[in-house]
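Being a predicted model, the structure only gives us computed values, none of them experimental.
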Amino acid sequence: APPKSEPQPSAKPARPAIPARSTADCRRLQELKNRAVGALENEKLADAEHALVELLELEPHDPLGYRNLAVVRLLQLKANSATAEQAQQAVEQLLRHDDSSAAKELGGRVGVAAADLQPDASAREAALTRAVTLLKAASDEDPSNVACNYAIFEAARYASSAPLQATAKM
């Protein structure tokens with residue numbers, strides 16, 4: 001009898017091939033990245049957002065572009081210059097392109113900030129539950145991430161539902 005083969009772990013979906021780019025296109029992408037990061041570092045959030053949106057139109061498979069856009073939307077959310085829906089949309093885009101623990105943690109942090117803007121208690125609780133789910137997934141992947149574990153505690157301890165509060169007592 002032929003030897004049994006070990007089951008192979010499922011591979012992540014292959015990243016689409018990077019298209020060949022002209023020197024001018026590469027310069028433009030680098031310029032947009034530099035402009036976005038510089039604007040983000042200088043808290044010029046609208047400028048960072050515009051540069052990142054343009055960069056992602058030109059390079060739609062760049063996970064760092066989506067991560068930076070989610071950071072911008074989180075900061076805009078905290079400054080009341082973005083809606084919870086805009087921030088959540090940025091997280092959804094990020095998670096479609098990046099399934100790392102860092103992306104999940106960022107998604108959870110955006111979710112916690114968005115939950116604070118919900119108009120009623122049930123919507124807030126649902127948003128907190130989604131946020132804690134992402135934070136727990138990030139923590140499970142990287143148990144040494146103390147900041148993520150603290151974010152779970154902070155998000156869950158003010159929840160109104162007992163199951164979510166229990167999460168804070170991990």
Side-chain angles (χ1 to χ4, degrees), residues 12-13 15-119 123-124 127-156 158:
K12 289 183 183 179
R15 183 175 175 193
I18 298 173
R21 299 213 182 266
S22 69
T23 302
D25 286 345
C26 290
R27 280 192 191 117
R28 180 69 182 144
L29 287 168
Q30 187 66 37
E31 172 192 318
L32 288 168
K33 181 186 83 68
N34 290 342
R35 190 171 51 161
V37 171
L40 183 55
E41 288 174 348
N42 289 294
E43 298 180 21
K44 295 180 178 180
L45 301 178
D47 293 343
E49 175 188 12
H50 293 342
L52 287 164
V53 166
E54 188 176 342
L55 181 136
L56 289 167
E57 287 172 1
L58 296 172
E59 184 52 64
H61 303 292
D62 177 19
L64 288 178
Y66 290 104
R67 192 177 298 181
N68 285 333
L69 183 58
V71 168
V72 167
R73 292 282 164 78
L74 173 60
L75 295 172
Q76 288 176 325
L77 192 61
K78 289 181 175 184
N80 296 316
S81 61
T83 65
E85 292 77 24
Q86 290 171 316
Q88 286 300 119
Q89 181 183 31
V91 167
E92 289 168 15
Q93 290 174 322
L94 168 63
L95 293 174
R96 277 196 298 272
H97 293 89
D98 183 355
D99 67 348
S100 69
S101 65
K104 291 172 186 155
E105 180 182 356
L106 177 57
R109 290 178 182 279
V110 169
V112 170
D116 288 340
L117 301 176
Q118 296 304 315
R124 181 177 188 280
L128 277 176
T129 299
R130 286 189 304 273
V132 168
T133 299
L134 281 172
L135 289 166
K136 284 184 71 60
S139 177
D140 289 347
E141 289 178 27
D142 183 7
S144 67
N145 185 341
V146 176
C148 188
N149 291 323
Y150 186 73
I152 294 167
F153 169 76
E154 281 292 304
Y158 296 112

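Within the model, atoms CD of Glu59 and OH of Tyr66 stand 8.5 Å from one another, a figure rounded to the nearest 0.5 Å. Rounding to the nearest 0.5 Å gives a distance of 10.5 Å between NZ of Lys104 and CG of Leu94. Here the NZ-CG distance, from Lys78 to Leu75, works out to 7.0 Å after rounding to the nearest 0.5 Å. To the nearest 0.5 Å, atom CG of residue Leu135 and atom CZ of residue Arg130 are 13.0 Å apart. Note that the CD atom of Gln76 and the CG atom of Leu69 stand 8.0 Å from one another [nearest 0.5 Å]. Rounding to the nearest 0.5 Å gives a distance of 7.5 Å between CG of Leu40 and CG of Leu52.
With sequence neighbours left out, Ala155 forms a side-chain contact (heavy atoms from CB on, under 4.5 Å) with Val112, Leu128, Val132. Considering only residues two or more places apart in sequence or on other chains, Gln88 meets the side chain to side chain donor-acceptor pair (under 3.5 Å) condition with none of them. Remark: Gln89 engages no residue in a side chain to side chain donor-acceptor pair (under 3.5 Å) (not counting sequence neighbours). Residues forming a side chain to side chain donor-acceptor pair (under 3.5 Å) with Gln118 (at least two apart in sequence, or on another chain): none. Residues passing the salt bridge (charged side-chain N to carboxylate O under 4.0 Å, His left out) test with Arg28 are Glu31, Glu54, sequence neighbours excluded. Taking Arg67 as the reference, Asp98 meet the salt bridge (charged side-chain N to carboxylate O under 4.0 Å, His left out) condition, with sequence neighbours excluded. Shown here are the side-chain contact (heavy atoms from CB on, under 4.5 Å) partners of Thr23, two or more places apart in sequence or in another chain: Arg27. For Asp140, the side chain to side chain donor-acceptor pair (under 3.5 Å) criterion is met by no residue, not counting sequence neighbours.
With contacts defined as side-chain heavy-atom distances shorter than 4.5 Å, the pair Leu106/Val91 does not qualify.
Within the structure, no pair that satisfies the ring pair (Phe, Tyr, Trp, His ring centres under 6.0 Å) test touches residues 67-91, not counting sequence neighbours. Identified under the salt bridge (Lys or Arg N to Asp or Glu O under 4.0 Å) test for residues 36-51, with sequence neighbours left out: Glu49-Arg73. For residues 106-115, the salt bridge (Lys or Arg N to Asp or Glu O under 4.0 Å) pairs, not counting sequence neighbours, are Glu105-Arg109. For the salt bridge (Lys or Arg N to Asp or Glu O under 4.0 Å) condition, no pair includes a residue of residues 88-97, sequence neighbours left out.
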For Leu29 and Asp62, run side chain to side chain contact (heavy atoms under 4.5 Å, CB included): C-alpha distance rounded to whole Å, both residues' side-chain angles, the deciding distance at 0.1 Å, then the answer.
CA-CA 11 Å; Leu29 287 168; Asp62 177 19; over 6 Å; no

Set out, in order, the CA-CA distance, both residues' side-chain angles and the distance that settles side chain to side chain contact (heavy atoms under 4.5 Å, CB included) for Ile152 and Ser139, then state yes or no.
CA-CA 9 Å; Ile152 294 167; Ser139 177; 3.9 Å; yes

Could you give me the CA-CA distance, side-chain angles and deciding distance for Leu58 and Asp25, then say whether side chain to side chain contact (heavy atoms under 4.5 Å, CB included) is met?
CA-CA 9 Å; Leu58 296 172; Asp25 286 345; over 6 Å; no

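Shown here for Ala48 and Ala36, the closest heavy-atom pair between the two residues is CB-O, 3.6 Å. Shown here for Ala87 and Leu77, the closest heavy-atom pair between the two residues is CB-CD2, 3.9 Å. Ala138 and Cys148 make their closest contact through CB-SG, 3.8 Å (heavy atoms, listed as atom of the first residue, atom of the second, distance).
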